[in-house]
Amino acid sequence: MSAHKISDLLNGKVPVGETVSVKGWVRTRRDSKAGLSFVQIHDGTAFNAIQAVVQGTIANYEEEIVKLSAGCAVIVTGELAASQGKGQSVEIQAEKVEVVGWVEDPETYPVQPKRHSFEYLRDVAHLRVRTNTFGAVARVRNCLAQATHRYFHENDFYWVHTPIVTTSDAEGAGEAFRISTLDLTNPPRDDKGGIDYSQDFFGRETFLTVSGQLNVESYCNALSRVYTFGPTFRAEKSNTSRHLAEFWMIEPEIAFADLNQDADLAEDYLRYIFKAVLDERADDMAFFAQHIQKDAITRLEKFVDTSFERMTYTEAIGHLEKIVAKKPKKFEFPVSWGIDMQSEHERYLCEELCERPVVVMDYPKDIKAFYMRMNDDGKTVAAMDVLAPGIGEIIGGSQREERLDMLDARIAEMGLDKEEYWWYRDLRKYGTVPHAGFGMGFDRAVNYVTGMKNIRDVIPFPRATKLADF
RNA sequence: UCCUCGGUAGCUCAAUGGUAGAGCAUUCGGCUGUUAACCGAAAUGUUGUAGGUUCAAGUCCUACCCGAGGAGCCA
């Protein structure tokens, strides 16, 4: 007999009275000296575990059942029955319990049926997914990823696999990791004594990608609607709860579109994937609402039902200046038009002023990247940030500069080398069109949905400075 | 990288410069269709590392390592 999913048993998809079999891991065991034991078993298909009632009369009761501890792997076969106890509607009256894998030293098994700190669990990342919290995070993360592909597929986007290995980090998105097969202890030298990368694997300097955007623009200018979804690498030594050195980013890019359509897309997309979580992972979300963040569900529901607040950068600065006039000590950093807003400013906008995600548009050109489209005022560019309460910047996007002369002017202004961007500039020479896109930090989205505070706890095996275990 | 706080039993945490403690987990016993059960008992320590001050350091000082929160960078 093939095994049943525990989720099917708990959801009533299998009628009471049927003989069932589950394969999973023991969460807890409670004995009754009346001669029976209760064993909670989980298999990852649902948040809840199912209770197996094991009578003392079965063959291996004294030998094995009473020795089961958290983490043991078992196959339980028996009749699905209405529960006599409180706390669950159905349970399995076990007729046979096969122990597949023991926990060799229960005393030091790292995951105990009790509350552990997330910091501690990070040190046992290979086992932490067995806990309620990390199992729920893994299911919600998967749900968001599946919903992402479904959303873009349903809206005629093509998923483009942009390269992981890139030849330039000149985009300015951040510090890049160098990749090389040269002998680090004795690298080949060129005439000037520098390292001779022409002898390296790719015949030139190469790095891990910091963004797929430039590449995906190429596909956008032929396929109209495209997106990337893959790992992204930044070598900044950030030490915060919202940065990783290896993270997953989603970057849609749409042709014949301006910044407003870009913002519409961001909003529509986020609403879609959040609704998917509410629909498909109600069990896990109930847990997050109960133990991690009280308003986890109501906040998402509100998000799905209402539109984002939208304002221009200039308006945002106006709001901040009003606050400074009223309460001069509110912010640590000064506010004036032209500043790159500090975290405290962004938090005020989305957490206090609007109490929901805010789209800020049209930033001063001096604080934004070269490829963003110059507005008619000559002072601002068509850039947007989506700021989420508790997370900060969850999305950053822009309309791209499609006019070659303007693009060249910006490249020069920022001291970049035109030749490095020859193929990117080609896109402006051959059938150029207005287009726009954004990048969303996928892991930050998982943080936002689950209410988990640290980004290291929503990715299976986090990589950050001084952190590459497992 | 900077600022602040922290590191004590397997885990979560106590301990005026003066004998190293509790809860949970584990083991044993009791009780019970139990619900991270309950009652009783046992076992559990190089107090992050290396120095220093002191009659005496978990506690004070210095350096380093690791973690958390905040900042910067950003997604």
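Protein chains get the first letters and strands the later ones, always in sequence-line order, with residue 1 at the start of each.
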Would you indicate which nucleotide in [options] comes nearest to any side-chain atom of [X]?
X         : options                   : result
Asn454(A) : rC74(B), rU35(B), rG69(B) : rG69(B)
Asp340(A) : rG72(B), rC73(B), rU35(B) : rC73(B)
Arg347(A) : rU1(B), rG33(B), rG70(B)  : rG70(B)
Arg30(A)  : rG72(B), rU1(B), rA36(B)  : rA36(B)
Gln84(A)  : rU1(B), rG33(B), rC74(B)  : rG33(B)
Ser238(A) : rC73(B), rU35(B), rG70(B) : rC73(B)
Thr240(A) : rU35(B), rG69(B), rC73(B) : rC73(B)

Donor-acceptor pair, [X] side chain versus [Y] backbone, under 3.5 Å?
X         : Y         : answer
Arg27(A)  : Gly71(A)  : no
Arg128(A) : Pro460(A) : yes
Gln399(A) : Leu259(A) : yes
Arg225(A) : Asn155(A) : yes

For [X], which contact category applies under a 4.0 Å heavy-atom criterion: base, sugar-phosphate, or nothing?
X         : value
Arg242(A) : base
Glu332(A) : nothing
Ser117(A) : sugar-phosphate
Gln93(A)  : base
Glu119(A) : sugar-phosphate
Ile395(A) : sugar-phosphate
Ser241(A) : sugar-phosphate
Glu91(A)  : base
Asp123(A) : nothing

Residue whose nearest RNA chain B nucleotide is more 5′ - Ser69(A) or Gln40(A):
Ser69(A)
Pairwise 5' ranking along RNA chain B for Gln51(A) and Trp248(A), keeping only the more 5' one
Gln51(A)
Whole-Å distance between [N] [atom2] and [X] [atom1]?
X         : N       : atom1 : atom2 : value
Arg130(A) : rA25(B) : CZ    : P     : 20 Å
Glu175(A) : rU1(B)  : CD    : C1'   : 12 Å
Ile65(A)  : rU34(B) : CD1   : C1'   : 16 Å
Asn239(A) : rC2(B)  : CG    : P     : 11 Å
Trp25(A)  : rA36(B) : CH2   : P     : 22 Å
Gln342(A) : rC73(B) : CD    : C1'   : 11 Å
His243(A) : rG70(B) : NE2   : P     : 12 Å
Glu346(A) : rA71(B) : CD    : P     : 10 Å

Pairing stems for RNA chain B [at least three consecutive pairs; Watson-Crick or G-U; under 3.5 angstrom]
B:1-7 with B:65-71, B:10-13 with B:21-24, B:26-30 with B:38-42, B:48-52 with B:60-64
For a side chain to side chain contact (heavy atoms under 4.5 Å, CB included) with [X], tell me which candidate from [options] qualifies.
X         : options                                    : value
His4(A)   : Leu9(A), Thr77(A), Thr19(A)                : Leu9(A)
Thr133(A) : Met452(A), His291(A), His116(A)            : Met452(A)
Leu387(A) : Cys350(A), Pro357(A), Ser343(A), Cys354(A) : Cys350(A)

If we count only N and O atoms by modelled type, under 3.5 Å, do the side chains of Asp362(A) and Thr312(A) hold a donor and an acceptor together?
no
Is it the case that Thr162(A) and Tyr219(A) place a side-chain donor and acceptor less than 3.5 Å from each other?
no
Could you work out the separation of [N] and [M] based on their [atom1] atoms and round it to a whole Å?
N       : M       : atom1 : result
rG48(B) : rG6(B)  : P     : 13 Å
rU59(B) : rG21(B) : C1'   : 15 Å
rA41(B) : rU34(B) : P     : 25 Å
rG40(B) : rA56(B) : P     : 42 Å
rA57(B) : rU53(B) : P     : 11 Å
rA9(B)  : rG45(B) : P     : 10 Å
rA50(B) : rC38(B) : P     : 40 Å
rC66(B) : rG23(B) : P     : 35 Å

Is it true that Phe152(A) and Phe229(A) have ring centroids separated by less than 6.0 Å?
no
Are Tyr371(A) and Tyr424(A) close enough that their ring centers fall under 6.0 Å?
no
Is Arg299(A) close enough and on-axis enough to Tyr448(A), meaning under 6.0 Å and within 45°, for cation-pi?
yes
Can you find a donor-acceptor pair, distance only, under 3.5 Å between Gln88(A) side chain and rU34(B) base?
yes
Measure distances between side-chain N and O atoms of His116(A) and base N and O atoms of rC11(B), and say whether any donor-acceptor pair falls under 3.5 Å.
no
Just the atom pairs and distances: protein N or O near nucleotides 3-10 of chain B's N or O, under 3.5 Å.
{"from": "rG10(B)", "atom 1": "N2", "to": "Gln112(A)", "atom 2": "OE1", "distance (Å)": "2.9"}

Please walk me through it: do Phe331(A) and His345(A) pass ring pair (Phe, Tyr, Trp, His ring centres under 6.0 Å)?
CA-CA 7 Å; Phe331(A) 300 124; His345(A) 302 141; 4.9 Å; yes
